[in-house]
Amino acid sequence: MPGIWIYSEDSAVARQLLTAGLELKTSMNQAVGVLTPNSEDAQSFVAAGADKVYVVRGSNPWPESYAGAVADILGREEAAVVLAGGTLRGKDLAAKVAAAMQAGLVTDAATITYANGNIETSRLIYGGLAVCTEAVALPAFVTIPPRTFAEAPAQGNGAGEVVTVEAANEDERISVTNVCPIVRQGTDIAGASRVVCVGRGLNKQEDLSLAAALAAAVGAEIGCTRGISEDYHWLPNDRYIGISGQKVKPELYIGMGISGQVQHVVGVRDAKVIVAIDTNEKSLLFEAADYGIVGDLYEVVPLLTKALQK
Ligand SMILES: Cc1cc2nc3c(=O)[nH]c(=O)nc-3n(C[C@H](O)[C@H](O)[C@H](O)COP(=O)(O)OP(=O)(O)OC[C@H]3O[C@@H](n4cnc5c(N)ncnc54)[C@H](O)[C@@H]3O)c2cc1C
């Protein structure tokens, strides 16, 4: 089936990529297919508009175990465009399969369109200071970060076909002997709808209670800048936001005591409403903010919390 193919080991991300795939389907007039390791979600892709779904079952979740099977399917189907989730495993798999198929690969695309017979993408570079646009000849591989698109909704039962393929473990050097899930505190901050974020304007770890009270008042998760987790170890590393941390897309982000360096702001720029609290009126976070309060967080935050509790 020549057309647009989607792969992610995370079914929610695959449904987000399906939104981009269905837009390309209209402009390219080609079918959309999904490859997934998750047999239980195959019908949800069909219901959301996939014309064909391959369930690729490997003996372990490492891309080494099924990259060859994915390349075989995509080669057989004469894939024109492959969209892979921009997760660690998605990028790993995309690189392996694109190399096997001698196809071009663009990573971390924020937009994707079909124009002049090519796939055109844009992505942020230099820590968010510039936008890079690229045109890739077909067949083209593109990785897209999670939450770039909304999930494609179910449209009915769908008429797409589901095919199951068993992938042999291609790399005998790798075997899974144990799996330890990452233990997270609270919910995944990347998916939080509200975030209260603390920076090094906070004087000591006990003062995180100020942020916790504000977060409780607005129903938010607590995030931080890199120094708070990596240098001070006041919060776990999965709480820091930015280019090398989590990218968040909340309805509301409240940043306190944050200087707004680009490496942090690039992780929050997609927030719907940004509120900044800082003593320094030149804090760069004010430039990204919808609302700014120039003031001492030790005075402002308790007042704000009290007002919001009412
Ligand atoms: C390659 C690279 C990658 C990086 N990746 C990331 C990343 O992913 N995420 C990230 O966050 N950083 C990242 N950084 C670090 C980044 O460049 C900044 O150093 C960091 O974001 C600054 O953190 P901050 O705003 O908490 O601290 P600071 O820059 O020290 O700012 C503290 C702020 O608090 C204010 N303040 C002080 N006291 C008060 C008070 N009482 N009330 C109110 N405001 C007060 C100050 O005016 C100041 O604006 C990266 C850096 C590099 C080089």
Side-chain angles (χ1 to χ4, degrees), residues 86-88 91 107-108 110 123-132 145-148 182 184-186 188-192 194-215 217-218 220-250 252-271 274-308:
T87 57
L88 283 178
K91 285 183 180 176
T107 54
D108 291 332
R123 64 191 167 99
L124 294 175
I125 56 169
Y126 303 137
L129 287 176
V131 176
C132 172
R147 288 173 299 282
T148 302
I182 295 170
R184 295 187 186 278
Q185 294 179 3
D188 180 10
I189 191 171
R194 291 174 186 185
V195 173
V196 165
C197 191
V198 295
R200 293 194 305 189
L202 213 62
N203 290 335
K204 49 188 191 307
Q205 187 170 11
E206 299 81 78
D207 299 342
L208 282 170
S209 58
L210 286 176
L214 179 57
V218 292
E221 291 294 320
I222 297 186
C224 61
T225 55
R226 191 165 86 167
I228 293 289
S229 56
E230 283 202 344
D231 299 338
Y232 299 171
H233 307 292
W234 291 352
L235 286 169
N237 280 355
D238 65 7
R239 293 273 131 182
Y240 87 80
I241 296 170
I243 193 160
S244 37
Q246 303 279 353
K247 316 275 180 305
V248 296
K249 211 172 177 178
L252 175 67
Y253 162 99
I254 305 176
M256 57 175 83
I258 294 172
S259 58
Q261 300 302 313
V262 65
Q263 293 89 356
H264 177 73
V265 171
V266 78
V268 304
R269 62 182 355 144
D270 287 335
I274 296 180
V275 180
I277 304 164
D278 204 285
T279 42
N280 180 2
E281 63 181 22
K282 294 203 169 72
S283 161
L284 294 171
L285 194 58
F286 288 129
E287 287 182 14
D290 299 283
Y291 301 96
I293 304 172
V294 179
D296 186 335
L297 70 88
Y298 287 89
E299 289 171 22
V300 175
V301 172
L303 289 173
L304 194 58
T305 305
K306 208 169 162 192
L308 289 166

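Quick note: numbers below take in every heavy atom, side chains included, and nothing from hydrogens, waters or symmetry partners. Counting starts at 1 for both ligands and their atoms, following the listed order.
Around atom CG of L88, no more than 12 heavy atoms belonging to other residues, nucleotides or ligands sit under 6.0 Å away. In E281, the CD atom is not crowded: 12 or fewer heavy atoms of neighbouring residues, nucleotides or ligands sit closer than 6.0 Å.
Not counting sequence neighbours, K282 has no partner by the side chain to side chain donor-acceptor pair (under 3.5 Å) test. Here K91 pairs with D108 under the side chain to side chain donor-acceptor pair (under 3.5 Å) rule; sequence neighbours left out.
Residue pairs satisfying the side chain to side chain donor-acceptor pair (under 3.5 Å) criterion with at least one member in residues 283-296, sequence neighbours excluded, are absent.
Residues with a heavy atom under 4.0 Å from ligand 1: G199, R200, G201, T225, R226, Y240, I241, G242, I243, S244, G245, G257, I258, S259, Q261, Q263, H264, D278, T279, N280, G295, D296, L297, Y298.
Side-chain N or O atoms of R226 include none that pairs as donor or acceptor with a backbone N or O of I241 at under 3.5 Å.
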